[in-house]
Every structure is written in C-alpha cells, then in structure tokens.
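Working notes, beginning with the structure itself.
Residue numbers begin at 1 in each chain, while the letters A, B, ... track the order of the sequences.
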Amino acid sequence: MPRRREPRPAPALELKTTRLAGIQVILNSAEHAALDTHISTLFAATPDFFGGEPAVFECGRLPADAPSPDWGWLAQELKSRGLNPFAVQNASAELAASARQAGLLVLNDVAPAPAIVAAEAAPAPEPEPVAEPASAAEPAAEPAAASATRIIDKPLRSGQRVYAAGGDIVVLAAVNPGAEVIADGSIHVYAPLKGKALAGARGDTSARIFTTYLEAELVSIAGVYRTFETAPDAAVAKKPAQIRLADTSQIVIEPL
Amino acid sequence: MTTIITVTSGKGGVGKTTTSASIASGLALRGFKTAVIDFDVGLRNLDLIMGCERRVVYDFVNVIQGDANLHQALIKDKHCDNLFVLPASQTRDKDALTEEGVEKVLKELEHQGFDYIVCDSPAGIEHGAVMALTFADEAIVVTNPEVSSVRDSDRILGIIQSKSRRAIEGREPVKEHLLVTRYSPKRAHEGEMLTYTDIQELLRIPLLGVIPESEAVLQASNQGIPAIHQKGTPVADAYQDAIARFLGEEHPLRFVEYEKPGLIKRLFGGK
C-alpha cells in the first residue's frame, strides 16, 4: 500500500499580488465648508451604503493653487460612513506632502493614474428618474472591471443587500422579496428575481439585468427605474428576461 | 456535546412558544436531558404554556446578573423528568440580556450535561431575538402559511446568516429547519392559504414538519400542557414526526392532504 503523503504545512506567510477594487473619492474642492456640506447631503439618505470599502482620494481635478484639505478630518468623516480612505493619487507635490503627513499613501509614483470616472463616488441607488446619464462613465475606462465581478451563490433574503462596486454581479440563487442587488455594471440572476435589482448604479446606461425568472419588485438601470404595480408583459412575467435601457431614458423588458 | 436550538420566526403569534414547549418536551420524552429558555424578557409566556407559572421564583435575568444561581432558577417539568424550564423575567426588558451573560448561562448548562438547549425567541428582529439566535447550532424557523409570515421568516434567516456566532466566526453555518404551523390543508387546497410547497420554494431550507391548525393547541395552552402531550391529536402526532425528523429519522408528511368529506360525513357532521 502506498504510504500516505503527509500534507505539507502551509508556511506562516505567503506573498501574492492582488488588485483591489475600491472607491474613488474625487475632490473638486479643498474647502472645508463645501466638503462638509456635500458629504452630509450625499450620505444623508443612505448612511450605511458602504460597508468598509477601501477608498482613494483623486486629486487630479483640484485647482493647482488649491490649499491642502484637512486630510485627517476628511478621512474620519468618510470612515464614519463606511468608506476607508488610505491613499491619495494625482496629487501635487504640496498635497502629497500634507497627505503623507496625515498618514495617507501617495500613489502617484506607484501606479499609472486610472482614468477619472466622471460620476462621483456617490451612492446613487435611490431610484431617481434619470441620474446624469450624459456624463456617465465609460465602463471600459474602469481598469479593475474584469476582476470586479461578484458571485453570490446563496439566496439573498429579505433585508439583505449586496453591492458589486465597479463591476458585474452574478447571483446563482433566488433574490427574495425585500432583498436588493446593486451593481455598477450588469446584474445576472440565474434564479427567481423577486426583490430589487439596480444595475449601473454609478450611471452606466449600458448596464443590463438578466434573470431566468422575472418577478421583481423594482428594476433600475442608471437611475431609471420601473416598479411592477401592474404586472409586466405575459411574455416576460415569471419567465427568463433581459432588462436594458433604450435611448438612455426608457426601461425595456424583453424575453430571453 | 450540547446542541443549542433556537426557535424563531420574526413575526409574532405564529407558534414559537407552542413549538418550543413541544419540541423541548418531545426531545425530553426521547430521553435527552433538555432545557428550554424563554428569551422573551418582559412578555414571559413559556412558563404558562409549560404550566409552571406558579413555581417561578428566579428567572433568566436573575441568573445573568448573578442574583441567583442556575440551579435555583431552573424549574423541573411536571411531565418529563429530564426537562427543565428557565423562565424569562416579567419585570425587566430585553436590554437585561447581555451577550456575555447569555453565553455564561449557556456554558453552565453545557457543563451540567444538557443534551439540548431550546431557546424560545421573542418576535421581531431586535436585541432579544438576536440574543436568542447568537449562539444557535440549529434553528427552527416557525412560519404560518401567509405572505407576511414568510417574508419575516426570510428576514430572520438572513439575520441568522449574518449575526450568529457561527456566521461571525466563519464556522459551519447554523443548520436551518422550516416548520410550518397553523396549516389548514382545506384552505391551502382552496387557494386561501399558501401551500407548504410554496413556502419552502421561497425560503429554500429543509422542511422539518407541517403542524395542522387545531383547537387542541388552544386547549393545551390554557391547561398549561404542551400540545405534544395531547395524545392522538394530529398536532401531537405532527410534532412527534418533526422530532423524529430532527433526529434524522425519515417520516412521510402527514396532515397535509385535503380529502373532500364524503356524503355520510357531510350529513352526520364531524370535522
């Protein structure tokens, strides 16, 4: 009988590369009062939208002569709302110095600056009729999109919410009434979709929603939404369907 | 090994306490040393259903706060030798339940060699309900055949999957069981109620049993005798079946098919 090979114990430490999907916080102003007001209004409706995602301050849009923002205060404000800023990018030498002093990493020399996404790092899941589709991001510009797909293989239950930042979401189990699936890209549900599905949460009008069984409470693409007070067409109700946006302003539901 | 079973539902009035009493009694009748704890601090009911309300001296909160020891607070059941009831406090509120306190009591019961601890959860998804499910190894989710109850059960399942110790520590998840109560095959057949298959399709957890709607439950509650002791009634049989399935035995479902009453039965009454 062959001798059973002893499993080699894993080393205490291993190194691997990783790509981090996070949130860009784009600074258009360094003024304390303006930032304070905007943060308050931005997060007022959805204070717990983020669940501790890493975040990077994008400084490329700040005017050249802008003073350094109060980094410590800014980071603390965002931290209390579930975002974890750890670095600045595209910062001038002056900004970089002050950021370093505040304990933030400076990414300028580390990685090529990703293209600036026009839509701000704003939680936009509230079904607003149209959310600035004109300035919407080109999803191709998102460098981490390929690795940002989230896969969920357990049922999503009433009250649960998942958000795929910067990519698509694939759900292999039922999305029950009262559950919410949100993605910056497209949403694929290979099971009954009975809750809410919000694709293109940051304004991507080319995002789509796919399901094998449509019985949703609400669907939304880039802020354009539809509820189902009146049942959808018999061709798609409780059947495989695709939901997309036509003319950036109209929800279209088609059989798959 | 002690197994902690939480009986929960989200919604109120679906039969959690009735189920806790019957499941705990059923396990004790099978020879397991069992404790049943009322987590509904402030709205104490389990002692009434178990018929031991006149023997309550110390309660769960007293033990947590160190005013009494566990031995003083546990009440021995009238019907089963190896069943003990830990009643809730009626004068306090749910904030008296601390995570450390609950853990301490459960650990102590484990030391005393209990096989099963049944936690009777309060309704809702707030502190009391979360405390009842935090330490669960298995969960019995009690659901009535109506949409609001099913949705609340769905919600509580989500909470079990996120707030239980097993989930937080990344251990093997809490084993979930669906128990449909107050089921009327006739009304389900006529489309007035959800069928148990509808419920299971939505909640997608294994079915432990279907307990039929019956007047025997109300009588049992008023007499302070858990429904499982009402020998020969469908409710007692259905709870016995559920216990058997919980312990891994296979039993076909009973009391779920509607049979049209024949002419004789219609003429001469009967239910």
Side-chain angles (χ1 to χ4, degrees), chain A residues 10 14 46-53 82 125 150-164 169-182 187-198 211-218 227-231 237-240, chain B residues 6 8-12 14 121 123-127 129-130 133 136 139-164 166-168 170-178 180 194-207:
Chain A
E14 284 178 80
T46 51
D48 51 3
F49 182 74
F50 291 106
E53 284 97 331
R150 265 188 90 170
I151 297 177
I152 307 283
D153 51 11
K154 289 213 179 87
L156 284 174
R157 301 188 177 281
S158 178
Q160 291 181 326
R161 168 152 79 172
V162 289
Y163 171 46
I169 192 161
V170 177
V171 187
L172 297 165
V175 178
N176 281 350
E180 285 180 27
V181 194
I182 307 167
I187 296 174
H188 308 252
V189 182
Y190 299 107
L193 170 58
K194 298 184 178 185
K196 297 182 182 174
L198 301 101
T211 177
T212 54
Y213 185 99
L214 178 68
E215 204 186 349
E217 294 173 320
L218 178 146
T227 56
F228 293 94
E229 182 90 57
T230 51
K238 304 188 179 182
K239 295 204 175 72
Chain B
T6 295
T8 188
S9 70
K11 195 169 164 60
V14 296
S121 171
I125 54 172
E126 284 81 24
H127 183 69
V130 172
L133 62 79
I140 297 177
V141 177
V142 181
T143 308
N144 285 173
E146 47 140 342
V147 283
S148 57
S149 174
V150 175
R151 178 173 295 191
D152 291 357
S153 294
D154 196 39
R155 183 88 167 94
I156 205 82
L157 282 164
I159 292 172
I160 291 171
Q161 288 162 8
S162 62
K163 294 202 177 160
S164 63
R166 281 177 173 266
I168 290 169
R171 284 185 284 149
E172 195 184 327
V174 175
K175 200 168 162 197
E176 298 150 344
H177 307 271
L178 172 64
V180 178
L194 296 175
T195 66
Y196 68 94
T197 45
D198 290 339
I199 300 170
Q200 206 193 356
E201 198 174 301
L202 193 81
L203 295 179
R204 292 169 185 247
I205 57 173
L207 184 65

*Euclidean distance, Leu157(B) CG relative to Lys154(A) NZ, rounded to 0.5 Å*: 12.5 Å
*Taking C-beta and beyond as the side chain, do Pro192(A) and Leu202(B) meet within less than 4.5 Å on heavy atoms?*
no
*Heavy atoms only: give me the nearest Ala174(A)-Arg204(B) pair and the separation to one decimal.*
CB-NE, 3.8 Å
*Return the option, out of Pro177(A), Gly178(A), Pro155(A), Ala179(A), with the maximum number of heavy-atom pairs under 4.5 Å with chain B.*
Pro177(A)
*Drop me the distance from Ser158(A)'s OG to Asp152(B)'s CG, to the nearest 0.5 angstrom.*
7.5 Å
*Which value, rounded to the nearest 0.5 Å, describes the distance between Arg157(A) atom CZ and Ile205(B) atom CD1?*
6.5 Å
*Output yes when a side-chain donor or acceptor of Asn176(A) lies under 3.5 Å from a complementary backbone atom of Leu203(B), and no otherwise.*
no
*Name the region of Ile160(B), side chain, backbone, both or neither, that has any atom closer than 4.5 Å to a heavy atom of chain A.*
neither
*asked:* Using a 6.0 Å cut-off, check whether atom NZ of Lys175(B) has over 12 heavy atoms from anything other than its own residue.
replied: no
*Test Arg151(B) against Glu217(A) for salt bridge (charged side-chain N to carboxylate O under 4.0 Å, His left out), laying out the working first.*
CA-CA 14 Å; Arg151(B) 178 173 295 191; Glu217(A) 294 173 320; 3.5 Å; yes
